[in-house]
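Indexing begins at 1, ligand by ligand and atom by atom, following the structure's order.
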Amino acid sequence: MSNAAERTSKRPSITGCFTSTEKQQLRRRLLAWYADHARDLPWRRSRDPYHVWISEIMLQQTQVATVRDYFERFVRELPTVERLAAADERRVLRLWEGLGYYRRARQLHAAARQIVADHGGRLPDDVNELRQLPGIGRYTAGAIASIAFGRRAPILEANTIRLLTRLVGYRGDVAKVKGQRLLWQTAESILPRENVAQFNQALMELGSLVCTPAEPRCDECPLQTLCVARAAGLQNAIPRAKPRQTYTDLHEAAIVVRKNGRVLLRQCASGERWAGLWDFPRFAVESEGPLFARDEIVAKVREQTGVTCAPGPLLKTIKHGVTRYRITLDCYQAEYVAGRAKSTNGTTVRWVSPSQLADYPLSTTGRRIALSILTGN
Ligand code: SF4
């Protein structure tokens, strides 16, 4: 009988405890597997705390394949905490453009300034001090402290949550306090005394490559004899599935207002969906039909920018998703009629030539509109 099957039969209500022998087996097998299977990722080529930090923030809610190029460009352009702190926000957001969740970039920028002001430009090596910085929670603090500084700090992110939940066979809700407490305790209890950096990365790598969300590859897993979910045949049922996401349909409009060859941009205010990014005047469409095409465009553009425009034809329609919204975005052309572009409610409004659009951080759909302007498609 495997260790896991024994644990399952002895303790059907799982507590997440491993014996000392099991912990040793787990550490040894996991580290051996990682030595053979670790991917060559750009942020793994050094243990520079700045690189570890940038990669961990980028990897939140974003796939490794997407992050690779962004990471390399970001650290090439802004290679140190000091350079990041000294950069203006527009440049930071432009480097982040397309990664989404732009709050991460603004917090990263704020944290860099705090590190320079309070820590002489060096990231602290202590979990509690790291957690005082904007955008660094328990997981990110543990990742930086363990990977960059070798501190004995546990980590828990999407891949390790799934892996540990299956290993201990936890059938409850991992998002609830009880589940989180159990998983953090488990993550802490299995940490080795040495090689913590490798160990934590190995946990994430195994979760990402082998203990996948659907159809985990248990036959290739170095921890298969320790895994309660596998012993019980529950690897596809654990963790418990999240409730299905329900989507809300939205209809929005973006307006490309032109004046003497330039177009009107506004910077999104804090509290808006793309706070800090620049955008064409954009709003939720409240009315439908031909009346919308004139009156609502004129009123909303004037409200957002102070400019009166004469709406023209539809440029294009873009369908896209943002979090739980499915959005149909109609992009209209318009000509300037009157009024001064005025900055209101924390936003800046500016006339920009098409060639300057490359300097401004835009949302993904904003960039598609910008490309249409440049190419005429
Ligand atoms: Fe995940 Fe399967 Fe390995 Fe268990 S045996 S940890 S379910 S891959």
* Asked: Under a 4.0 Å N-O cut-off, is there an ion pair linking Arg94 with Glu77?
  -> no
* For the pair Val64 and Val67, evaluate side-chain contact (heavy atoms from CB on, under 4.5 Å) and give the outcome as yes or no after the intermediate values. => CA-CA 5 Å; Val64 165; Val67 168; 5.7 Å; no
* To do: Do me a favour and list the nearest non-hydrogen protein atom to atom 2 (Fe) of ligand 1 with residue, atom name and distance?
  => Cys218 SG, 2.3 Å
* Asked: Between Asp359 and Arg90, is there a salt bridge with N-O shorter than 4.0 Å?
  -> no
* atom 3 (Fe) of ligand 1 [closest protein heavy-atom partner, distance rounded to 0.1 Å] -> Cys221 SG, 2.4 Å
* Check each atom of ligand 1 against the heavy atoms of Gln235 and keep those under 4.0 Å away; list them by number with element. => 7 (S)
* Donor + acceptor pair across side chains of Glu157, Thr160 (<3.5 Å) -> yes
* Asked: For ligand 1, which atoms, with element, lie under 4.0 Å from some heavy atom of Arg166?
  -> 7 (S)
* Asked: For Leu26 and Leu167, what are the C-alpha separation, side-chain angles and deciding distance, and is it a side-chain contact (heavy atoms from CB on, under 4.5 Å)?
  -> CA-CA 10 Å; Leu26 185 151; Leu167 273 177; 4.1 Å; yes
* Structure fact -> re atom 4 (Fe) of ligand 1, the protein heavy-atom contact at minimum distance is Cys227 SG, 2.3 Å
* In plain terms, say whether Arg45 and Glu72 are close enough for a salt bridge, that is, a side-chain N and a carboxylate O under 4.0 Å apart. => yes
* Option set Leu223, Leu163, Leu209, criterion heavy-atom distance to atom 6 (S) of ligand 1, minimum -> Leu163
* N/O/S atom of Cys211 inside 2.8 Å of atom 2 (Fe) of ligand 1, strictly under -> no
